[in-house]
Amino acid sequence: MFGSVPLRTYLPDGDIDLSVFCSQETAQSIRDSWAVKLQSVIEHEQSSGNAPYKIGDVTVINAEVKLLKCLVDNIVVDISFNQIGGLITLNFLEEINSLIGNSNIFKRSIILIKAWCYYESRLLGAHHGLISTYALETLVLYVFNKYHSSSMDSPLAVLYNFLVEFSNFDWDHYCLSLLGPVPLKDIPSGGITADAALAPQHTLLEVDSRLADSLGRFKAAMASSKGDGAPRAFVIRCLNIMDPLLPTNNLGRSVVRSSFARIRRAFGHAATLLRCVALKAV
């Protein structure tokens, strides 16, 4: 299991992410057929009168990462195959939360911002052309990295910095990386270095070597999990967010152009609204 449930940042309407693992020899032999075979087993269980859970809507989704999606007691369950990257990401975020501390403020901020994106603004959901959960978590981590020295003593303060930062970010010309904006024009030639003039200074990664060490270890683990094959090129989309553990992976690739415009408006509107509320409270 990986994703929001074991990280304990799930919403009431969230799904459960599972992955099937087996020996390398078996994985090679069923790599293309595992989903259909598992679908057959689950549908057989579905038809059994003795099934302990109510199962429905069993569907194989042939996306970039093949999924078997089903409902188990009205909870959405996504099953993938040999997705070790999900486990690496889970452990990375868990360790980052522990290092940041402050009563799990990193996780609590993720929950608040996810709830705002999902329930208030309808911006969350990669399968709907919106922001993926991991992309959102990366954006939250960027806020902590950049604004750690300011008074971010509550998830609400993190939300405000999140909205201000990303409503003003120049998404048309830059990709967001954990270390700062990366010019989109540099990416086709392999450039993944943040623009020094725009990169945040005195970041959390710079002042706390434990976080930098953690990032380095998990980046190495992710690279190792991908094997020795040629790395996939970073695909530029309308929203570009560089995976902190796999720089060639664009976490914003799920966002479509029409959703992108709505996301920018929502960030800006909410930032203005929160600012007005704060001024009235003074």
Side-chain angles (χ1 to χ4, degrees), residues 1-10 13-95 124-135 137-138 217-235 237 243-255:
M1 183 184 293
F2 61 97
S4 299
V5 173
L7 190 62
R8 297 183 295 281
T9 57
Y10 55 89
D13 295 298
D15 55 14
I16 296 175
D17 294 302
L18 302 177
S19 194
V20 177
F21 294 94
C22 54
S23 68
Q24 186 173 0
E25 181 180 348
T26 303
Q28 289 293 330
S29 65
I30 66 171
R31 182 178 56 188
D32 297 324
S33 61
W34 71 269
V36 174
K37 290 180 178 180
L38 183 57
Q39 181 181 23
S40 177
V41 171
I42 293 176
E43 287 177 341
H44 175 74
E45 183 71 14
Q46 180 183 3
S47 63
S48 170
N50 299 320
Y53 303 104
K54 182 180 178 182
I55 304 173
D57 297 343
V58 185
T59 308
V60 174
I61 300 176
N62 291 302
E64 182 177 345
V65 175
K66 182 179 288 188
L67 292 176
L68 187 145
K69 185 182 287 285
C70 60
L71 282 176
V72 180
D73 282 355
N74 291 321
I75 298 173
V76 177
V77 178
D78 290 340
I79 305 173
S80 57
F81 184 70
N82 266 9
Q83 288 299 305
I84 190 68
L87 297 179
I88 294 171
T89 301
L90 166 64
N91 282 277
F92 170 65
L93 295 174
E94 189 70 63
E95 186 164 307
L124 192 65
H127 53 291
H128 294 304
L130 299 168
I131 303 172
S132 71
T133 298
Y134 182 32
E137 291 163 344
T138 299
R217 284 189 289 105
F218 283 103
K219 280 183 73 173
M222 185 67 81
S224 177
S225 74
K226 299 301 178 181
D228 299 325
R232 182 177 59 182
F234 188 99
V235 179
R237 295 285 190 255
D243 187 337
L245 302 183
L246 188 66
T248 57
N249 182 27
N250 184 1
L251 300 179
R253 66 185 182 276
S254 61
V255 177

Quick one, [X] and [Y] - any side-chain contact, counting heavy atoms below 4.5 Å?
X: P247; Y: K219; result: yes
X: V72; Y: K54; result: no
X: I42; Y: I55; result: yes
X: L68; Y: V58; result: yes
X: V255; Y: R237; result: no
X: I61; Y: H127; result: no
X: L7; Y: E137; result: yes
X: Y134; Y: S4; result: no

Considering all heavy atoms, the nearest [X]-[Y] contact:
X: A126; Y: S132; value: CB-CB, 3.8 Å
X: Y53; Y: D73; value: CD2-OD2, 3.3 Å
X: L246; Y: K226; value: CD2-CE, 3.8 Å
X: W34; Y: K66; value: CZ2-O, 3.6 Å
X: P244; Y: F92; value: CG-CE2, 4.4 Å
X: F81; Y: A27; value: CZ-CA, 3.7 Å

Using 0.5 Å steps for rounding, measure from the [atom1] atom of [X] to the [atom2] atom of [Y].
X: L71; Y: N74; atom1: CG; atom2: CG; value: 6.0 Å
X: L124; Y: L130; atom1: CG; atom2: CG; value: 7.5 Å
X: L90; Y: E95; atom1: CG; atom2: CD; value: 11.5 Å
X: D243; Y: F234; atom1: CG; atom2: CZ; value: 9.5 Å
X: L251; Y: T133; atom1: CG; atom2: OG1; value: 11.0 Å
X: I88; Y: L245; atom1: CD1; atom2: CG; value: 8.0 Å

- Task: Show the numbers, then the answer: is there a side chain to side chain contact (heavy atoms under 4.5 Å, CB included) between D17 and V5?
- Result: CA-CA 8 Å; D17 294 302; V5 173; over 6 Å; no
Where the side chain of [X] meets the backbone of [Y], is there a donor-acceptor pair that is under 3.5 Å apart?
X: S47; Y: H44; value: yes
X: R31; Y: Q28; value: no
X: S225; Y: M222; value: yes
X: T89; Y: G85; value: yes

With a 3.5 Å cut-off and no angle check, do the side chains of [X] and [Y] form a donor-acceptor pair?
X: N249; Y: R232; answer: yes
X: T26; Y: S29; answer: no
X: S19; Y: S80; answer: yes

- Task: Would you please test N82 and V20 for side chain to side chain contact (heavy atoms under 4.5 Å, CB included) and show each step?
- Result: CA-CA 6 Å; N82 266 9; V20 177; over 6 Å; no
- Got a salt bridge between K69 and D78, using NZ or NE/NH1/NH2 to carboxylate O under 4.0 Å?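 Salt bridge between K69 and D78, a charged N being under 4.0 Å from a carboxylate O: yes.
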- Check the surroundings of atom CZ in F21: do more than 12 heavy atoms from other residues, nucleotides or ligands lie under 6.0 Å from it?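 For F21, atom CZ is crowded (more than 12 foreign heavy atoms under 6.0 Å).
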